[in-house]
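Have a look at the structure below, then the notes.
What you see is a predicted model; the values in this text were computed from it and never measured. So you know, we letter chains A, B, ... as the sequences are listed, proteins then strands, and number each from 1.
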There are 2 protein chains.
Amino acid sequence: MRLTAKGEYGVRAMTILALDFRTGPVPLREIAMRENISYQFLEQIVLPLRRAGLINSVRGAKGGYALARPPEQIKVGEIVRVLEGPIAPVGCVADGNEESCARSPACLTRGIWEKLRDRMEQVLDEITLADVICVPNIKDE
Amino acid sequence: MRLTAKGEYGVRAMTILALDFRTGPVPLREIAMRENISYQFLEQIVLPLRRAGLINSVRGAKGGYALARPPEQIKVGEIVRVLEGPIAPVGCVADGNEESCARSPACLTRGIWEKLRDRMEQVLDEITLADVICVPNIKDE
DNA sequence: GAAAATGCCGAGCGAATTTATCGGGATTAA
DNA sequence: TTAATCCCGATAAATTCGCTCGGCATTTTC
């Protein structure tokens with residue numbers, strides 16, 4: 001039930017971009033330094049985020065990356081979905097449910113995973129990058 | 001953010017044992033057939049469940065496995081923890097937090113993962129095997 | 001116009017993890 | 001005694017993960 005490093009690093013990188021949202025594009029090298037992440041690995045993470053329209057890039061010297069929308073309008077769930085695929089504890093209840101199993105009509109356990117999936121999505125979609133950089137202690141409930 | 005097959009199969013196997021709770025021990029071969037799971041793989045799954053005290057075994061002919069406690073007293077969360085380790089989206093907020101990172105005091109993202117972890121545990125610990133076999137349509141909220 | 005700083009991107013790769021399979025032993029009912 | 005079952009360590013195949021490499025494209029700076 002773990003995120004991969006890709007998802008974790010991605011959220012951390014996006015948090016940096018949220019912090020520096022007003023100060024122009026941030027070069028990847030700098031994010032890698034500040035978050036202690038391999039630069040080349042970070043390249044791979046940032047690519048799908050850009051393609052998904054969550055960030056914009058500026059090429060050339062003085063270039064870098066910046067959030068495509070203000071931090072209040074980017075949910076953590078969006079970032080995670082781009083980097084990890086649909087949020088779901090088992091494949092058969094994933095969003096684009098290609099692999100819906102033949103068992104599903106009679107499957108007693110399906111309900112568990114649907115419920116868990118819904119709660120996971122709920123949490124990740126109610127937290128925006130603004131929440132992450134703003135209120136460090138959002139205590140549960 | 002997926003369970004491994006081990007966790008998924010384990011919950012399914014335990015569901016079978018819950019259904020047959022009153023009819024004596026169920027042999028592994030039968031569970032494997034009914035759930036279409038590799039018998040030898042299932043052996044590996046059932047071993048830790050027994051060691052954790054969730055099920056009991058009866059050896060020899062007419063033997064098999066049975067829940068160690070009635071279905072109402074076994075939470076899905078317990079099964080998942082035995083087979084998948086602590087329920088947590090990232091290692092640094094896992095229960096036995098060996099790998100607490102040096103970043104943690106200043107870590108802006110930690111709150112996200114703690115909140116997500118708590119919700120995940122909440123869901124899985126509020127569903128018992130009795131719920132799973134009894135009310136097929138527990139609709140969320 | 002050259003050089004430096006950046007982003008863009010496909011390919012590959014070693015290690016770990018996952019998902020089994022194998023081969024045998026121990027125990028018990030029929 | 002035989003068949004059914006659990007017990008269990010070892011290993012193998014497949015997949016995923018977490019990078020690394022190498023090179024090209026674009027833009028600013030000197």
Just how far, in rounded Å, is P of dG7(C) from CD of E30(A)? 10 Å
Say whether F41(B) and M14(B) are linked into one hydrophobic cluster, either directly or through other cluster members, by side-chain heavy-atom distances under 4.5 angstrom. yes
Taking the side chain of A5(A) as heavy atoms from C-beta outward, which of dC8(C), dC7(D), dG18(D) is closest to it? dG18(D)
Distance, rounded to the nearest Å, where L49(B) contributes CG and dC8(D) contributes P: 14 Å
Hey, are R119(B) and E126(A) close enough for a salt bridge, meaning a charged N less than 4.0 Å from a carboxylate O? yes
Rounded to whole Å, the CG-C1' distance (L83(A) to dT16(D)) equals 16 Å
In terms of the nearest nucleotide of DNA chain C, which residue is placed more toward the 5' end: G60(B) or L42(B)? L42(B)
For Y9(B), report the nucleic acid contact type (base, sugar-phosphate, nothing); a contact means any heavy atom under 4.0 Å. sugar-phosphate
Hey, which of these two, G63(B) or R59(A), hits DNA chain D nearer its 5' end, going by closest nucleotide? G63(B)
Is it the case that the base of dC6(D) and the side chain of E43(B) share a donor-acceptor contact (distance under 3.5 Å, atom types as modelled)? no
Salt-bridge contact R81(B)-E121(B) (side-chain N to carboxylate O under 4.0 Å): yes
What nucleotide, of dG7(C), dC19(D), dC6(D), holds the atom closest to the side chain of L28(A)? dG7(C)
Counting only side-chain heavy atoms from C-beta out, which of dC7(D), dG10(C), dT28(C) sits nearest to R51(A)? dG10(C)
At under 4.0 Å, does any side-chain N or O of Y39(A) touch on OP1 or OP2 of dC8(C)? no
Is R50(B) close enough to dC7(D) that one of its side-chain N or O atoms is under 4.0 Å from OP1 or OP2 there? yes
Integer-rounded Å distance: dA3(D) P and R29(B) CZ: 14 Å
So if I take every side-chain heavy atom of F41(B) and compare against dA20(C), dA25(D), dT28(C), which nucleotide ends up nearest? dA20(C)
Starting from C1' on dA20(C), measure out to CD on E8(B) and report it in whole angstrom. 15 Å
Proximal nucleotide (of dG25(C), dA10(D), dC19(D)) relative to the Q44(B) side chain: dA10(D)
Closest listed nucleotide, where the reference is the side chain of T4(A) and the choices are dG18(D), dC19(D), dT27(C): dG18(D)
So if I take every side-chain heavy atom of Q40(B) and compare against dA20(C), dG7(C), dG23(C), which nucleotide ends up nearest? dG23(C)
Length of the CG-C1' vector between L47(B) and dT5(D), whole Å: 15 Å
Separation of L3(A) CG from L83(A) CG (nearest 0.5 Å): 8.5 Å
Closer than 4.0 angstrom, basic N to acidic O: yes or no for E78(A) and R69(A)? yes
Between S38(A) and dT20(D), is there a side-chain N or O to OP1/OP2 distance below 4.0 Å? yes
Interatomic distance, N56(A) CG vs dT26(D) C1' [rounded to whole Å]: 16 Å
What is the nucleic acid contact for V46(B), judged by heavy atoms within less than 4.0 Å: base, sugar-phosphate only, or nothing? nothing
So does R34(A) pair up with D20(A), basic N to acidic O under 4.0 Å? yes
Please determine, for the side chain of K62(A), which listed nucleotide (dG7(C), dT28(D), dC7(D)) has the closest atom? dT28(D)
Rounded interatomic separation in angstrom, taking CD1 from I45(B) and P from dC8(D): 16 Å
